[in-house]
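Only one structure is covered here, and it is reproduced in the block below.
Remember, predicted model here, so these are calculated numbers, not experimental data.
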Amino acid sequence: EILIVRRIFKGVNLGSTMSDEEVSVTPRSVETSTEAIIPPGKEFKPKLWPQLLAAFAANMGAVAFGNVICWSSTGLPSLEKDEVFGPFSENALSWMGSSATLGACISCLPSGYCADRFGRKKTMLFLTLPFVAGWILMYFAQNVWMMIAGRLLTGFGGGGYTLAAPVYIAETSEPKYRGMFITGFDVLTGIA
């Protein structure tokens with residue numbers, strides 16, 4: 001039996017560049033396939049809601065990274081006044097403020113490799129671990145070095161996320177929505 005099949009590679013909608021091809025399809029191959037079978041005479045029409053939800057979920061990393069970036073403006077002044085945990089030298093405060101950007105710089109190469117090797121979605125899921133570990137480390141910090149390590153970890157997660165999330169959004173959304181969804185990443189980073 002010959003049917004028209006539109007291939008969907010790993011959940012990626014390639015928009016108008018997708019081509020139809022005729023292939024031999026058996027019931028067994030349909031059960032184990034990742035291909036979408038489209039009856040003859042019908043056209044594939046992607047729905048907005050799955051694209052919107054995927055973009056929204058990916059853009060939540062922007063909110064997390066925005067919190068990492070803006071922590072310095074509220075966290076450092078309150079630490080300067082804290083008599084139990086402080087006082088801190090200017091050098092220690094500057095390391096706490098800048099270690100997140102150092103972590104973001106360090107994460108770019110490994111995150112790019114992981115995004116290509118394991119996929120953007122798995123990379124984003126993995127990058128939640130440094131985020132959570134960094135915030136936990138900062139919450140339970142007993143000294144300056146724990147704060148710096150926590151900031152370094154959160155920066156590592158955020159830097160990798162800024163690489164993987166826009167690519168994931170671009171690959172899972174239609175061209176007419178792509179710009180709006182990717183812009184949401186920048187807007188949500190600034191809102192946090």
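Note: Y161 and F185 have parallel aromatic rings, judged against thresholds of 30 and 60 degrees for the angle between ring planes.
Y139 belongs to a hydrophobic cluster with V132, I136, F140, counting contacts under 4.5 Å between side-chain heavy atoms of Ile, Leu, Val, Met, Phe, Trp and Tyr, direct or through other members.
Taken from CH2 in W135 to CG in L137, the straight-line distance is 11.5 Å, to the nearest 0.5 Å. If you take CZ on F131 and CG on N67, they are separated by 9.0 Å, rounding to the nearest 0.5 Å. Remark: M96 CE to W145 CH2 distance equals 10.0 Å, nearest 0.5 Å. I106 CD1 to L152 CG: the interatomic distance, rounded to the nearest 0.5 Å, is 5.0 Å. Rounding to the nearest 0.5 angstrom, the gap separating the CG atom in L163 from the CG atom in L127 is 9.0 Å.
A donor-acceptor distance shorter than 3.5 angstrom exists from the side chain of T123 to the backbone of C114, with no hydrogens or angles considered.
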*Just do the side chain to side chain contact (heavy atoms under 4.5 Å, CB included) check on F65 and L188 with the steps written out, would you?*
CA-CA 9 Å; F65 190 49; L188 290 172; over 6 Å; no
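Using modelled atom types and a 3.5 Å distance limit, the side chains of R151 and S98 yield no donor-acceptor pair.
The cluster map of Ile, Leu, Val, Met, Phe, Trp and Tyr, joined by side-chain heavy atoms under 4.5 Å apart, puts M180 and L52 in the same cluster.
At most 12 heavy atoms of other shown residues, nucleotides or ligands fall within 6.0 angstrom of atom CZ in F56. By the 6.0 Å contact criterion, CG on L109 is open, its count of non-hydrogen atoms from other residues, nucleotides or ligands being 12 or less.
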